[in-house]
Amino acid sequence: MTTDNAALLRALHVPGTPLVLPNVWDAASARAVREAGFPAIATGSAAVARVLGYADGEGTPVAEMMAAIARIVRAVDLPVTADVERGYQLKPAELVERLLAAGAVGCNLEDSRPDTGELVDPGAQADFLAEVRAAAGQELVINARVDTYLRGQGSREAAVERGRRYLAAGADCVYPIGLGAEDEIRALVSELRGPVNVLFRPGVPALDRLGELGVARISFGGGLHQAAHHYAQGLFAKVREGLNPY
């Protein structure tokens with residue numbers, strides 16, 4: 001079943017008809033996404049970390065993150081891809097083993113160091129991704145994050161170089177997080193010649209327009225959890241003021 005779900009998730013990455021993934025943070029939000037009619041579930045590491053009481057940037061103990069992923073997997077009958085930052089310092093084979101044990105059929109892996117924000121050498125990251133692919137076979141859909149835009153080194157050339165290396169190493173999709181300008185998205189999609197994931201946030205082209213630009217996957221990161229948390233804060237403030245929160 002794991003391989004079947006991985007194949008299903010992989011097949012949903014269609015340039016021009018993107019897979020839209022409203023990232024979840026617990027079993028309840030995963031069920032809500034399933035009930036809304038989405039075909040797959042994606043976790044967001046920042047949101048899961050906050051729910052568990054930890055900081056983003058691999059502040060969550062790996063056992064707790066994997067347990068949270070497993071609870072989400074058990075809650076839905078859909079493929080689940082997990083954001084696991086840079087792998088929580090696990091060796092590739094152990095990372096794959098733990099993801100598969102949790103029931104995930106996909107993962108996000110980023111190419112900057114959570115503690116310093118420093119970009120990892122692209123060759124070293126490609127080697128890391130190749131080891132993950134070798135350990136996983138086709139049982140994991142690998143979404144390789146490219147952090148050049150996020151870390152202030154946002155030239156298209158740098159993103160394309162990294163993205164091509166990661167695809168050659170076995171990644172299924174490239175995720176240039178922070179990329180948002182329409183012309184740049186179009187150009188990068190064209191130059192990479194592989195599936196591209198865009199983070200949806202204010203200022204990014206509309207969902208249908210991203211499809212027209214050739215994007216294969218759209219995710220929301222921690223944005224939806226932040227919006228939900230902000231709404232909850234408003235409810236709590238009303239209760240504190242003696243008002244009806246409903």
Side-chain angles (χ1 to χ4, degrees), residues 2-3 5-24 38-45 69 78-87 92 95-96 99-100 104-112 120 122 125-150 156 158-180 184-201 204-205 207 210-221:
T2 300
T3 304
N5 274 340
L8 173 58
L9 179 62
R10 190 172 284 112
L12 290 169
H13 290 69
V14 180
T17 310
L19 170 62
V20 179
L21 294 167
N23 298 73
V24 306
F38 291 91
I41 300 295
T43 72
S45 65
I69 293 166
L78 297 174
V80 174
T81 179
D83 182 354
V84 289
E85 306 192 59
R86 191 158 153 68
L95 175 62
V96 169
L99 280 166
L100 295 178
V105 296
C107 64
N108 278 16
L109 290 167
E110 58 199 51
D111 67 350
S112 62
V120 176
Q125 181 69 1
D127 290 343
F128 173 68
L129 293 171
E131 290 185 56
V132 173
R133 172 56 68 214
Q138 293 301 301
E139 292 191 77
L140 281 179
V141 176
I142 300 172
N143 192 32
R145 211 174 85 175
V146 174
D147 287 3
T148 52
Y149 294 96
L150 188 67
R156 188 193 317 150
V160 168
E161 179 198 355
R162 285 176 178 265
R164 286 179 176 171
R165 284 193 180 210
Y166 302 165
L167 290 168
D172 296 280
C173 187
V174 173
Y175 182 14
I177 188 169
L179 174 64
E184 283 297 303
I185 292 171
R186 181 192 295 108
L188 188 138
V189 166
S190 174
E191 292 181 32
L192 267 180
R193 299 186 295 276
V196 173
N197 181 178
V198 167
L199 174 68
F200 189 84
R201 66 191 197 284
V204 169
L207 297 180
L210 288 173
E212 292 170 357
L213 295 172
V215 170
R217 172 169 168 163
I218 302 168
S219 49
F220 284 73

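Sequential numbering from 1 along the given sequence is applied to the chain's residues.
With contacts defined as side-chain heavy-atom distances shorter than 4.5 Å, the pair Leu19/Val14 does not qualify. In this structure, Leu150 and Arg145 have side chains that are in contact, with non-hydrogen atoms separated by less than 4.5 Å. For the pair Cys173/Val141, no side-chain contact is recorded, criterion being any heavy-atom separation below 4.5 Å from C-beta on. In this structure the side chain of Val84 reaches within 4.5 angstrom of the side chain of Ile69, judged on heavy atoms. Here the side chains of Leu21 and Phe38 are not in contact, with every heavy-atom distance at 4.5 Å or above. Using a 4.5 Å heavy-atom threshold, the side chains of Asn143 and Thr81 count as separate. Counting heavy atoms from C-beta on, the side chains of Phe128 and Leu95 come closer than 4.5 Å. With a 4.5 Å cut-off on side-chain heavy atoms, Val189 and Pro15 do not count as touching.
Applying the side chain to side chain donor-acceptor pair (under 3.5 Å) rule to pairs touching residues 127-137 yields Arg133-Asp172, sequence neighbours excluded. Legend: salt bridge (Lys or Arg N to Asp or Glu O under 4.0 Å) pairs involving residues 185-199, not counting sequence neighbours, sorted by first then second residue: Arg156-Glu191, Glu182-Arg186, Asp183-Arg186.
Nearest heavy atoms, Leu9 versus Gly106: CD2-CA, 4.2 Å. The minimum heavy-atom distance between Phe220 and Leu199, with the atom names listed, is C-CD1, 3.5 Å. The nearest pair of heavy atoms linking Ala104 to Leu140 is O-CD2, 3.7 Å. Contact detail for Val132 and Ile142: the closest heavy-atom pair is CG1-CD1, 3.8 Å. The nearest pair of heavy atoms linking Leu99 to Cys107 is CD1-CB, 3.8 Å. Annotation for Ala144 and Ala171: closest pair CB-CB, 3.8 Å, computed over non-hydrogen atoms.
Under the 3.5 Å distance criterion, the side-chain polar atoms of Asp83 are matched with a main-chain donor or acceptor of Ser45. Distance alone, capped at 3.5 Å, places no donor-acceptor pair between the Asn197 side chain and the Val174 backbone. No donor-acceptor pair closer than 3.5 Å links the side chain of Asp111 to the backbone N or O of Val120. When atom types are taken as modelled, the side chain of Arg201 and the backbone of Gly178 share a donor-acceptor pair closer than 3.5 angstrom.
Separation of atoms CG (Leu109) and OH (Tyr166) is listed at 10.5 Å; rounding is to 0.5 Å. For the atom pair Glu212 CD and Leu207 CG, the distance stands at 11.5 Å (nearest 0.5 Å). Residue Phe200 holds its CZ atom at 8.0 Å from CD1 of Ile218, rounded to the nearest 0.5 Å. To the nearest 0.5 Å, atom CZ of residue Arg162 and atom CG of residue Leu192 are 13.0 Å apart.
Partners of Glu85 according to the salt bridge (charged side-chain N to carboxylate O under 4.0 Å, His left out) rule, which considers only residues two or more places apart in sequence or in another chain, do not exist here.
Side chains of Gln125 and Arg86: a donor-acceptor N/O pair is present below 3.5 angstrom, by distance only.
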